[in-house]
Student: 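Input: one structure, supplied below.
Note that the coordinates shown come from a computational prediction; the quantities given were computed from them, not determined experimentally.
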Amino acid sequence: MKIFVVNCGSSSIKYQLIDMKDESVIAKGLVERIGIEGSVLTHTPAGKDKVRLESAIPDHVDGIKKVLAALVDPNHGVIKSMDEIDAVGHRVVHGGEIFNESVVITDEVLKQIEDLSDMAPLHQPANVSGIRACQKLMPNTPQVAVFDTAFHQTMPPVAYMFGVKYEEYKDYGIRKYGFHGTSHKYVSGVAAQLLGKDIKDTKIITCHLGNGSSITAVDGGKSVDTSMGFTPLDGVLMGTRTGSIDPAVVPVLMQKKGLDAAGVDKYMNKECGVLGVSGVSSDFRDLEDAAAKGNERAQLALDMFCYQVKRYVGAYAAAMGGVDAIVFTAGVGENDIHTRQQVCAGLEFLGVKLDADRNNVRGKVTEISAADSKVKVFLIPTNEELAIAQDTLRLCSK
Ligand code: AMP
């Protein structure tokens, strides 16, 4: 069975074609600058050279059409016909309170997904466009939606409610939803296997640290709390996002900087985080280079990030009444040796003991805690595309 995994952004489409026989990626690629001058499709067939195909790509339907053409192309294609694609798995950012797991997309489901656009105005309409494009071009192929929020729907009200009037929750859905759910679910599942335990008997803290970062408490395989909230702006400071700040700062910023609601939202999402604090970059590699050369603001941004992640680890160990394993994943979590070291430093009281040699690793499944560490610490590369394909396969083989 071959599954086409699609992740649509407002002007981009990321895709993979995965052969579920051995879970291998047969082809992957990226369409960029949809609807903007300079549209380009970069297509990488397994075992062959990457091809760059430049042409006007006015919308998502045209983008998907060009991706499908690349997949069956006699030169750089990987399948003979589109009929070889058995199902399509779509990453959808918001499932609201409706979707607590992945679903096969029907007309009713698509309407519900579209109705949730207010919750994620930048991403959800792009996800809907991607689904419609695939439905149009592959009308007989089943389509599945996999939601970023679904895994966190198991959080109890004490974790997901905010201290605003209850009416606002009822009328506007204002509560914590959490994001990166596909990743937290995937890596916690791998961690349980590495612990050699049934996931039901485990307490795991998953740290998805990338350009966007979130930390989740996974108790018995279920998300019981997570650091991102109503939107992916909440939690730890990130590449360009503030993370949690005193909410009273927002009206002050609006006044002082003359920003309206949209302006302050953009400011907090795009100009802040480690970029805003350091004035250097949102990329941790640049920050580490700058800090090594004595840039104090770059060092401060890195220190703040590690401190805030550590604070969540402590909070979630308390929330679960213990922790068996801590997982690091995503761009920073998988690659940044210093960050992992600094987050774990000082957590010995909790039973966490990192092994410096084992931690000297990047991008592969590794137990990085010392042999006598009570709490295991793992580096587990995330694989959201594979997780989406696995859910799609499960739902389509029913
Ligand atoms: P992601 O959003 O998961 O793709 O993560 C992207 C981020 O990972 C980049 O912005 C970098 O900050 C970080 N990153 C990638 N490689 C490294 C590395 N070798 N060392 C430190 N940070 C890295």
Student: NE2 of His152 to OG1 of Thr226: how many Å apart, nearest 0.5 Å?
Tutor: 4.0 Å
Student: Would you say the side chains of His338 and Glu288 form a donor-acceptor pair under 3.5 Å?
Tutor: no
Student: Kindly check if the number of other-residue, nucleotide or ligand heavy atoms within 6.0 Å of NZ (Lys48) is above 12?
Tutor: yes
Student: If only atom types and distance count, is the side chain of Ser12 paired as donor or acceptor with the main-chain N or O of Glu32 below 3.5 Å?
Tutor: no
Student: Looking at Ala261, is its backbone amide N or carbonyl O close enough to the side chain of Lys266 to form a donor-acceptor pair, meaning the two atoms are under 3.5 Å apart?
Tutor: no
Student: Could you state whether Met20 and Leu395 fall into the same hydrophobic cluster, counting links through intermediate Ile, Leu, Val, Met, Phe, Trp or Tyr residues with side-chain heavy atoms under 4.5 angstrom apart?
Tutor: yes
Student: Going by atom types only, do Glu385 and Asn7 share a side-chain donor-acceptor pair under 3.5 Å?
Tutor: no
Student: For Lys222, is there an ion pair with Asp219 - N to carboxylate O distance below 4.0 angstrom?
Tutor: no
Student: Answer yes or no: are there more than 12 heavy-atom neighbours, outside Asp107 itself, under 6.0 Å from its atom CG?
Tutor: no
Student: Answer yes if Phe147 and Phe151 sit in the same cluster of Ile, Leu, Val, Met, Phe, Trp and Tyr residues linked by side chain heavy atoms under 4.5 Å apart, and no otherwise.
Tutor: no
Student: Closer than 3.5 angstrom, by distance alone: can the side chain of Glu334 be matched with the main-chain N or O of Thr382 as a donor-acceptor pair?
Tutor: yes
Student: Examine distances only and state if a side-chain atom of Tyr312 and a backbone atom of Thr216 form a donor-acceptor pair shorter than 3.5 Å.
Tutor: no
Student: Indicate yes or no: at least one non-hydrogen side-chain atom of Val218 is less than 4.5 angstrom from one of Ile205.
Tutor: no
Student: How close do Ala126 and Gly9 get, counting heavy atoms only, and between which atoms?
Tutor: CB-O, 3.1 Å
Student: Would you say the side-chain atoms of Gln299 pair up with the backbone N or O of Ser278, donor to acceptor, closer than 3.5 Å?
Tutor: no
Student: So that I can tick it off, tell me whether Lys66 and Asp62 are bridged by a salt bridge, with the cut-off set at under 4.0 angstrom between side-chain N and carboxylate O.
Tutor: yes
Student: Taking the side chain from Lys14 and the backbone from Val5, do they hold a donor-acceptor pair closer than 3.5 Å?
Tutor: no
Student: Just by modelled atom types, is the Ala56 backbone N or O under 3.5 Å from a matching donor or acceptor in the Ser39 side chain?
Tutor: no
Student: Got a salt bridge between Arg52 and Glu54, using NZ or NE/NH1/NH2 to carboxylate O under 4.0 Å?
Tutor: yes
Student: Show, in sequence, the C-alpha distance, side-chain angles and deciding distance for Ile215 and Ser213, and conclude whether the side chain to side chain contact (heavy atoms under 4.5 Å, CB included) test is met.
Tutor: CA-CA 7 Å; Ile215 297 106; Ser213 297; 5.6 Å; no
Student: Given the side-chain rings of Tyr177 and His94, with only the six-membered ring counted for Trp, is the space between their centroids under 6.0 Å?
Tutor: yes
Student: Could you tell me if the side chain of Asp49 sits less than 4.5 Å from the side chain of Thr44, heavy atoms only?
Tutor: no
Student: Could you report the tightest heavy-atom contact between Ala298 and Val280, atom names first, then the distance?
Tutor: CB-CG2, 4.4 Å
Student: Can you tell me which residue among Leu116, Val92, Asp148 is in a side-chain contact (heavy atoms from CB on, under 4.5 Å) with Asn127?
Tutor: Val92
Student: Following the transitive rule for hydrophobic clusters with a side-chain heavy-atom cut-off under 4.5 Å over Ile, Leu, Val, Met, Phe, Trp and Tyr, establish whether Ile131 and Val67 coincide in one cluster.
Tutor: no
Student: For Phe305 together with Phe284, are the ring centres under 6.0 Å from each other?
Tutor: yes
Student: Among residues at least two apart in sequence or on other chains, which ones pass side-chain hydrogen bond (donor to acceptor under 3.5 Å, both in side chains) with Ser24?
Tutor: Asp22
Student: Going by distance alone, is a donor N or O of one side chain under 3.5 Å from an acceptor N or O of the other, for Thr202 and Asp324?
Tutor: no
Student: Quick one: side-chain hydrogen bond (donor to acceptor under 3.5 Å, both in side chains) partners of Lys28, sequence neighbours excluded?
Tutor: none
Student: Calculate, to the nearest 0.5 Å, the distance between atoms CZ and CG belonging to Phe328 and Leu209 respectively.
Tutor: 6.5 Å
Student: Who are the side chain to side chain contact (heavy atoms under 4.5 Å, CB included) partners of Ile337, not counting sequence neighbours?
Tutor: Arg340, Asn359, Asn360, Arg362
Student: Please walk me through it: do Val144 and Cys396 pass side chain to side chain contact (heavy atoms under 4.5 Å, CB included)?
Tutor: CA-CA 8 Å; Val144 167; Cys396 293; 3.8 Å; yes
Student: Quiz question: by atom type and distance under 3.5 Å, do the side chains of Thr182 and Glu384 form a donor-acceptor pair?
Tutor: no
Student: Are any non-hydrogen side-chain atoms of Val6 and Cys8 less than 4.5 angstrom apart?
Tutor: yes
Student: Verify the distance criterion only: is there a donor paired with an acceptor across the side chains of His208 and Ser214 at less than 3.5 Å?
Tutor: no
Student: Would you call Ser282 and Asn211 a side-chain contact if the rule is heavy atoms closer than 4.5 Å?
Tutor: yes
Student: Just checking, is any N or O donor in the side chain of Glu23 or Gln390 under 3.5 Å from an acceptor N or O on the other one?
Tutor: yes
Student: Hey, does the side chain of Asn335 reach the backbone of Gly331 with a donor-acceptor pair shorter than 3.5 angstrom?
Tutor: yes
Student: Side chains of Ile79 and Ser81, heavy atoms from C-beta outward: is any pair under 4.5 Å?
Tutor: no
Student: Has the side chain of Ser117 got a donor or acceptor atom that lies under 3.5 Å from a matching backbone atom of Glu114?
Tutor: yes
Student: Run the salt-bridge test on Arg241 and Asp234 with the 4.0 Å N-O cut-off and return the result as yes or no.
Tutor: no
Student: Rounded to the nearest 0.5 Å, what separates atom CZ in Phe162 from atom CD1 in Ile174?
Tutor: 8.5 Å
Student: Can a donor-acceptor pair be found, under 3.5 Å and without considering hydrogens, that links the side chain of Ser373 to the backbone of Lys376?
Tutor: no
Student: Is the number of heavy atoms from other residues, nucleotides or ligands under 6.0 Å of Glu108 CD greater than 12?
Tutor: no
Student: Indicate, with yes or no, if Met1 and Ile105 share a hydrophobic cluster defined by side-chain heavy-atom contacts under 4.5 Å among Ile, Leu, Val, Met, Phe, Trp and Tyr.
Tutor: no
Student: Does a side-chain heavy-atom distance below 4.5 Å link Phe378 with Val187?
Tutor: no
Student: Is Val249 linked to Met268 within one hydrophobic cluster, defined over Ile, Leu, Val, Met, Phe, Trp and Tyr using a side-chain heavy-atom separation of less than 4.5 Å?
Tutor: yes
Student: Does Leu110 form a side chain to side chain contact (heavy atoms under 4.5 Å, CB included) with Gln135? I'd like the steps, not just the answer.
Tutor: CA-CA 11 Å; Leu110 185 54; Gln135 283 180 330; 3.6 Å; yes
Student: Of the non-hydrogen atoms in Leu275 and Thr240, which two are nearest, and what is the gap between them?
Tutor: CD2-CG2, 3.9 Å
Student: Answer yes when Lys353 and Asp372 have at least one side-chain N-carboxylate O distance shorter than 4.0 Å, and no when they do not.
Tutor: yes
Student: Contact between Thr154 and Val224 at the side-chain level, heavy atoms closer than 4.5 Å - yes or no?
Tutor: no
Student: To the nearest 0.5 Å, tell me how far Asp355 CG sits from Gln341 CD.
Tutor: 11.5 Å
Student: Are Arg175 and Tyr169 in a cation-pi setup, meaning NZ or CZ lies under 6.0 angstrom from the ring centre and within 45 degrees of the ring axis?
Tutor: no
Student: Taking all non-hydrogen atoms of both residues into account, name the closest pair between Met254 and Asp260 and its distance.
Tutor: CE-C, 3.7 Å
Student: Between atom CG of Asp59 and atom OG of Ser11, what is the distance when rounded to the nearest 0.5 Å?
Tutor: 13.0 Å
Student: Identify the heavy atoms of Thr149 and Gly96 that sit nearest to each other, and give their distance.
Tutor: OG1-N, 4.0 Å
Student: Measure across Ala120 and Pro125 and return the closest heavy-atom pair with its distance rounded to 0.1 Å.
Tutor: O-CD, 3.6 Å
Student: Compare all side-chain heavy atoms of Glu367 with those of Leu379 and state whether any distance is below 4.5 angstrom.
Tutor: no
Student: Just how far is it from atom CD1 of Ile13 to atom CG of Leu41, taken to the nearest 0.5 Å?
Tutor: 9.0 Å
